[in-house]
Amino acid sequence: MKKVILTTCVLALVVSISAIPVQAETKGWGGGLQLHDGEFGFEFRKDVALGGDLSQVSTQIGMVFPSDAAMTFDVDYHFIIKSESGTSRFYPLAGLGFKTDFDWFEFGVNAGGGVNFMLTDTMAAFAEAKYVFSDWDGFGFKLGFYL
């Protein structure tokens with residue numbers, strides 16, 4: 001059952017992104033700390049804007065430290081909702097995740113949301129929460145900076 005749900009989500013994400021005729025624009029880099037069900041770690045992220053400031057794809061690579069270090073890789077779609085004041089940007093997210101220590105591999109589906117607090121025109125602090133549906137089910141939380 002999990003494979004059917006995962007396959008359906010992957011196909012829906014691929015069709016949604018490829019069916020939108022937009023010009024992609026590379027955005028800045030970011031980094032932060034993450035906590036996923038008691039596993040502490042860090043991540044680096046790179047975003048690509050799709051259709052201006054309303055939607056983007058965020059790629060994240062990181063490390064978490066359970067008993068041994070494990071590498072994580074996520075690709076999430078963000079739909080940006082700007083606040084009236086323009087100082088914060090909220091986003092629901094959906095995507096795919098991958099976790100490995102190179103002896104085992106796990107795939108997951110991500111769902112959650114976050115907020116960017118604009119510090120300057122190009123720099124923001126961010127907070128993000130998401131749930132991963134997979135063999136490593138659990139809630140994750142991230143804090144960091146984005147340039």
Side-chain angles (χ1 to χ4, degrees), residues 5-6 9-10 12-147:
I5 293 171
L6 180 60
C9 290
V10 169
L13 185 63
V14 168
V15 169
S16 297
I17 291 173
S18 63
I20 302 170
V22 297
Q23 181 178 358
E25 174 190 346
T26 302
K27 297 186 77 159
W29 291 87
L33 301 175
Q34 62 180 326
L35 181 66
H36 182 84
D37 277 353
E39 297 177 348
F40 178 77
F42 62 90
E43 75 165 18
F44 296 102
R45 68 191 308 151
K46 179 70 175 161
D47 294 347
V48 175
L50 303 174
D53 288 338
L54 295 179
S55 65
Q56 68 185 29
V57 172
S58 178
T59 57
Q60 303 116 35
I61 188 165
M63 295 290 293
V64 290
F65 301 99
S67 57
D68 294 325
M71 188 171 118
T72 62
F73 180 74
D74 293 291
V75 177
D76 295 326
Y77 173 78
H78 297 179
F79 180 78
I80 309 297
I81 303 166
K82 294 182 180 180
S83 68
E84 290 182 22
S85 66
T87 58
S88 58
R89 298 175 182 167
F90 303 92
Y91 56 90
L93 68 86
L96 301 173
F98 171 76
K99 183 177 178 183
T100 182
D101 73 351
F102 302 103
D103 286 332
W104 50 263
F105 300 91
E106 297 175 334
F107 293 94
V109 175
N110 304 325
V115 63
N116 292 335
F117 300 100
M118 301 309 293
L119 303 173
T120 67
D121 287 343
T122 58
M123 186 169 81
F126 72 87
E128 184 175 287
K130 64 180 157 184
Y131 192 84
V132 179
F133 300 92
S134 70
D135 293 335
W136 85 94
D137 282 353
F139 179 75
F141 187 73
K142 301 175 184 182
L143 291 173
F145 287 96
Y146 177 83
L147 299 172

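What you see is a predicted model; the values in this text were computed from it and never measured.
Here the side chain of Glu43 pairs no donor or acceptor atom with the backbone of Gly31 at under 3.5 angstrom. No donor-acceptor pair under 3.5 Å is formed between the side chain of Ser88 and the backbone N or O of Ser83. Here the side chain of Asn110 pairs a donor or acceptor atom with the backbone of Leu96 at under 3.5 angstrom.
Using a 4.5 Å cut-off on side-chain heavy atoms (C-beta onward), Tyr91 and Arg89 make no contact. Counting heavy atoms from C-beta on, the side chains of Phe79 and Ile81 come closer than 4.5 Å.
Judged as a ring-ring contact (aromatic ring centres under 6.0 Å, His included), and not counting sequence neighbours, Phe102 has no contacts. Every residue meeting the salt bridge (charged side-chain N to carboxylate O under 4.0 Å, His left out) condition with Lys130, not counting sequence neighbours, appears here in chain and number order: Asp74, Asp76, Glu128.
The two atoms that bring Ala127 and Phe141 nearest to each other are CB-CZ, 4.3 Å, heavy atoms only. Shortest non-hydrogen contact noted between Gly108 and Ser134 is CA-CB, 3.3 Å.
Rounding to the nearest 0.5 angstrom, the gap separating the CD atom in Gln60 from the CD atom in Gln34 is 8.5 Å. Phe73 contributes atom CZ, which lies 5.5 Å from atom OG1 of Thr59 (distance to the nearest 0.5 angstrom). Summarising the geometry, atom CD1 belonging to Ile80 is positioned 10.0 Å from atom CG belonging to Leu93; distances are rounded to the nearest 0.5 Å. A distance of 10.0 Å separates CZ in Phe139 from NE2 in His36, rounded to the nearest 0.5 Å. Rounded to the nearest 0.5 Å, atoms CE (Met71) and CG (Asp101) are 11.0 Å apart. The CZ atom of Phe42 sits 9.5 Å away from the CG atom of Leu33 when rounded to the nearest 0.5 Å.
Residues Ser58 and Gln56 have side chains that never bring a donor and an acceptor to within less than 3.5 angstrom of each other.
The aromatic ring centres of Phe133 and Tyr131 sit less than 6.0 Å apart.
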Donor-acceptor contacts under 3.5 Å from residues 116-126 side chains, at least two apart:
from: Thr120; atom 1: OG1; to: Thr122; atom 2: N; distance (Å): 3.3
from: Thr120; atom 1: OG1; to: Met123; atom 2: N; distance (Å): 3.0

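Between Phe105 and Phe98, the angle of the ring planes stays under 30°, which puts this pair in the parallel group of the 30/60° scheme.
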